[in-house]
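Single-structure report; data block below.
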Amino acid sequence: MKLKLLVGAALAPVLAAGAAFAQDADVQGPVTAVEDVIVTGQPAMRNRTDDVVPTLSYDLDYFQRFEPLTVGDALKRVPSVAFLSDVLEYDGVRLRGLDAGYTKILIDGQEVPGSGVDRSFFVDRIPAELIERVEVVRSSSANRSGDALAGTINIVLRDALSIDGGYIRLGALMFPDSDYGRFGGTYGAVWGGEVGPGRLLLGANVQDRRNPKNKYSMRYDEPGGTLDNTEVQTDVRDGTDYAFNASYEVPLAGGMLDLSGVFVRTDRYQDEDSLEYEGGIETEANLSVVNDNDLDIRTDNLSLRGRYEREMFGGETTFKLGYASIDDQQYEFEAESEYLRDSNPFPDEDRFTLDSQRVDIRDEEWKAAIEHKIALSGAMELEFGVQANWKTRDSLVEETPRIRFNVPNAPAPRPTVPDFGPFSPVDGGDATIEENRIDPYVMVSGKSGALRWEAGLRYETTDVTVTDRTVPAAQQVTENDYAELLPSFSLRWRLNDTDRVIFSAARTLRRPNFDRLSPALLEEEVGDSDFLGNPGLQPETAIGFDLGFERRLGRRGVVGINAFYRDITDLIEEVNTGLEGSEGPGTFIYTVDNVGDGKVYGLEFDLSTPLDFIGMDSTGVFLNYSWLDSEITDFAGERRFNGQSDYVLNFGFTQDLPTWGAAFGATYRKQGEAYDRVLAEEVRTTYGADLEVFIEKQIGENVVVRLTGSNLLDSSKDEVFDKFDNVGDQLARDYDEYELETESAGPVYQLVMRVAF
């Protein structure tokens, strides 16, 4: 057993000539024996793929030395990937800075459901230890789902051909700035080998997750105005992730059968406690509110996939059947004690409020496909097929009646807090969405001299039925259907042995958010005004172009630059129905409709290379920078797309010391400012920089120990909120509240040992 298994934690299989595009994690050809791999001391670089569609591919080796806990932790080093989460949270991928709903997340080339209303999948639910590689697919192809307006992230998990042998991973995590628990653990094991006539891979992973943060808010009546109050808050997210995966590949009836599955459970407890002070004077005499907000989360993700491939009908036919589900259950309560409602300061409580809510979301998807490839004359290949997807999403959001009572002044006894009443659904909270798709496609690819190309046509049909059990019976069931023709084309031009140009054009779409389809009326959802969903929404569509240049540096390095442009039509935007809202004159009922257009564009640069061309074979460097911009016109004028950072920067290095069996390295990340403008509220968000380092040492032939430190600059997230009672006040800049909030977290250290067997 050689150390390459430990250093990389995953081995890319040797692919047979003519292997299909990795969107389905196709792995053909012989297994790479671990015993044949040795430690070379060479840095891990980005792969230079042969895909015609512009694709960036990163083996786990590229990330592993910094010991990412999740796929989100790994993806933060990838070009154009931004996050708008809390500090040190990397959940919803914002490829090219766009909302997470514009990015398609695939696992082994298959779509996976998420619990969010925007259809996005939180990548921090997948432990990094499960992955073999990550692919960033910048454009679209006819044989993939077209709802990838910003691009696609394909998370390829290890399969039965990835590893011959196994290892055990043991680690400890330390959170020195946490008063809620300073230590955690991470444990895992992977084994792959021959079982019967086929090959089997088994993996398991358990890891603690903790993110202790501090928040501080200052609230004014308007910018530059009077300080109304300050809030001091602690926010601790504590939990454990459990993951199991298996893959079995076996010859069957002249073809190859591949069965695989992955299960991930996230147990998380979020504890937010805050103290609010009148006038910003932080003494007991000015303590006005004490708040305790707790949230329990248990999320189960399951994905099962069967694939059978064999030669028939003059070509190669593939049958696919898959099942994926997410089961998200949450329970939240919030207790609030108010002081200073009279002249008596703390500890004389004046009013107590208690709320509780529970969420149960289950999303199931069945998928099936039949695909066929056949060789044509002139080095061309024809691929055609039909893909089907049947989704059912059941959502139940319930709350209990609010408990609120006034507390008499001491020495009178404080009233006993009554038990919670029965749970009942909130407006729009008890619903089922059924979405059925049948998507035929055809694609022709070929090569001629220095050119390789691919052209395809996909026809996506969608039937949607929304059942909302919180509205009157006559309105409970609504139906909608639409179909879109999605052409795509990609061209790769090899200029010489080192340089190539890649061009792509494609039409893509984004389906409406689930919460926008509900016909329920939500009172005071938009400031003092109400909101009503629109079950008849059509998808947003876009025509997009990518043009890139790539050059090989030395033996393994690569540098590239890519320009992209998306012209988006039928944007879903809020509109005023003109109807009076529930709060009377001056308030309205708002809804959403397909009314807008927008543009998204930018430049992406990435460099990943060992310095072997200057004689430094053991030194690797990487740098990627993405300049991102967009244009959209809303109710208040022109702005960027909500939440789009104006840039993303990553750079770092790794240094191997082969003589000592050691290595070290560092990476630095910075994300630009983002701006959001919605009805009655605006937010500007900035992030501090993130610095990570690692040191590793080989012990003997089968043990590696690695120490990593992340967030060494104590990164912060800073937000500015402009809040208004209604849209009229927003346009007139008549403030309800102006808030400055900062959120910070301390460093995290990991000590990890891998032992091969």
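We count residues from 1, following the sequence as given. Given the structure is predicted, the values throughout are model-derived calculations rather than measurements.
- Salt-bridge check for R298 with D300: passed, with a basic side-chain N closer than 4.0 Å to an acidic carboxylate O.
- A side-chain donor from one of E741 and S217 sits under 3.5 Å from a side-chain acceptor of the other.
- Proximity of a side-chain donor or acceptor of D208 to a complementary backbone N or O of F183 within less than 3.5 Å is not detected.
- Salt-bridge annotation for D690 and R669: absent, with no side-chain N of the basic residue lying under 4.0 Å from a carboxylate O of the acidic one.
- Between R119 and E111, no side-chain nitrogen of the basic residue sits less than 4.0 Å from a carboxylate oxygen of the acidic one, so the salt-bridge criterion is not met.
- For Y687 and F83, the distance between ring centers is not under 6.0 angstrom.
- Using a cut-off of 4.0 Å between Lys/Arg side-chain N and Asp/Glu carboxylate O, E249 and R307 are scored as not salt-bridged.
- Defined by atom type and a distance below 3.5 Å, a donor-acceptor pair is present between the side-chain atoms of E231 and S274.
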Practice task
Walk me through it: do E692 and R77 pass the test salt bridge (charged side-chain N to carboxylate O under 4.0 Å, His left out)?
Solution key: CA-CA 11 Å; E692 297 180 291; R77 298 180 182 86; 2.4 Å; yes
Exercise for the section: Give the C-alpha distance, both sets of side-chain angles, the deciding distance and a yes or no for side chain to side chain donor-acceptor pair (under 3.5 Å) between D294 and Y269. Expected result: CA-CA 7 Å; D294 294 343; Y269 174 67; 3.1 Å; yes
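- Geometrically, R265 does not engage Y242 in a cation-pi contact defined by less than 6.0 Å to the ring centre and at most 45° from the axis.
- For E701 (side chain) and V703 (main-chain N/O), no donor-acceptor pair under 3.5 Å exists by modelled atom type.
- Counted by atom type alone, S80 and S626 present one or more donor-acceptor pairs between their side chains at under 3.5 Å.
- R237 pairs with exactly one of D86, D91, D271 by the salt bridge (charged side-chain N to carboxylate O under 4.0 Å, His left out) rule, that one being D86.
- Taking the charged nitrogens against the carboxylate oxygens, R437 and E435 have no contact shorter than 4.0 Å, which rules out a salt bridge.
- In terms of modelled atom types and a separation under 3.5 Å, the side chain of S247 and the main chain of S260 share no donor-acceptor contact.
- Between the side chains of N642 and D99, no donor-acceptor pair is found at a separation under 3.5 Å.
- Rounding to the nearest 0.5 Å places CG of L149 at 6.5 Å from OH of Y102.
- Taking a cutoff of 4.0 Å between a charged side-chain nitrogen and a carboxylate oxygen, R209 and D241 qualify as a salt bridge.
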Exercise for the section: Applying side chain to side chain contact (heavy atoms under 4.5 Å, CB included), run through V705 and L751 and close with a yes or a no. Expected result: CA-CA 7 Å; V705 177; L751 182 63; 3.8 Å; yes
Exercise for the section: In sequence, state the C-alpha distance, the side-chain angles, and the governing distance for T432 and T392, and then conclude on side chain to side chain contact (heavy atoms under 4.5 Å, CB included). Expected result: CA-CA 7 Å; T432 297; T392 302; 4.2 Å; yes
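- No option in F651, F653, F66 other than F651 meets the ring pair (Phe, Tyr, Trp, His ring centres under 6.0 Å) test with Y668.
- In summary, the side chains of S145 and D147 do present a donor paired with an acceptor at a separation below 3.5 Å, with no hydrogens or angles considered.
- For the pair R199 (side chain) and D159 (backbone), a donor-acceptor distance under 3.5 Å is absent.
- Residues S57 and R46 share a closest heavy-atom pair of O-CG, 3.4 Å.
- Scanning both residues, P113 and K391, for their nearest heavy atoms gives CB-NZ, 4.1 Å.
- To the nearest 0.5 angstrom, F263 atom CZ is 8.5 Å from S325 atom OG.
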Exercise for the section: Could you walk me through whether V156 and N154 pass the side chain to side chain contact (heavy atoms under 4.5 Å, CB included) test, one step at a time? Expected result: CA-CA 6 Å; V156 182; N154 185 29; 3.5 Å; yes
Problem - Residues V81, L95; criterion side chain to side chain contact (heavy atoms under 4.5 Å, CB included); working and verdict - result: CA-CA 5 Å; V81 169; L95 195 57; 3.8 Å; yes
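- Using a cut-off of 4.0 Å between Lys/Arg side-chain N and Asp/Glu carboxylate O, R96 and E604 are scored as salt-bridged.
- Considering every non-hydrogen atom in both G92 and S85, the closest pair reads N-OG, 4.4 Å.
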Practice task
Go through the steps to decide whether R65 and E67 satisfy the test salt bridge (charged side-chain N to carboxylate O under 4.0 Å, His left out), and finish with yes or no.
Solution key: CA-CA 5 Å; R65 286 180 160 182; E67 290 294 344; over 6 Å; no
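- L88 and G746 get closest at one heavy-atom pair: CD1-O, 3.9 Å.
- Between G261 and L304, the shortest heavy-atom distance links the atoms CA-CD2, 4.0 Å.
- Salt-bridge annotation for R706 and E696: present, with a side-chain N of the basic residue lying under 4.0 Å from a carboxylate O of the acidic one.
- The line from CD1 of I126 to CG of L69 is 13.5 Å long, rounded to the nearest 0.5 Å.
- The structure places CG of L707 at 6.0 Å from CD1 of I695, a figure rounded to the nearest 0.5 Å.
- The pair R268-D296 fails the salt-bridge criterion, with no side-chain N (NZ, NE, NH1 or NH2) lying under 4.0 Å from an Asp/Glu carboxylate O.
- For the 3.5 Å distance criterion, the side chains of D118 and N513 fail to qualify, holding no donor opposite an acceptor.
- For the residue pair S645 / Q671, a side-chain donor-acceptor distance below 3.5 Å is found, with atom types taken as modelled.
- Residues T299 and D328 bring a donor and an acceptor atom of their side chains to less than 3.5 Å of each other.
- Side-chain contact annotation: D273 with Q233, donor-acceptor N/O pair under 3.5 Å absent.
- Between the side chain of K697 and the main chain of A663, no donor-acceptor pair closer than 3.5 Å is present.
- For A246 against L202, the heavy-atom pair with the smallest separation is CB-CD2, 3.8 Å.
- For the residue pair T240/D267, the side-chain donor-acceptor check at 3.5 Å is not satisfied.
- Ion pair R362/E364 flagged as a salt bridge, since at least one NZ, NE, NH1 or NH2 atom sits closer than 4.0 Å to an Asp/Glu carboxylate oxygen.
- Taking the six-membered ring where tryptophan is involved, the planes of Y331 and F423 are perpendicular, since the angle between them exceeds 60° and thus also 30°.
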Practice task
List the steps and the verdict of salt bridge (charged side-chain N to carboxylate O under 4.0 Å, His left out) for E272 and K213.
Solution key: CA-CA 9 Å; E272 297 185 35; K213 304 184 294 292; over 6 Å; no
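- Side-chain N/O atoms of T742 and D718 include a donor and acceptor closer than 3.5 Å.
- In this structure, a donor-acceptor pair under 3.5 Å is present between the side chains of N205 and Q207.
- Using a 4.0 Å cut-off between charged side-chain N and carboxylate O, R169 and E129 make a salt bridge.
- Using modelled atom types, no side-chain atom of R125 and backbone atom of V264 make a donor-acceptor pair closer than 3.5 Å.
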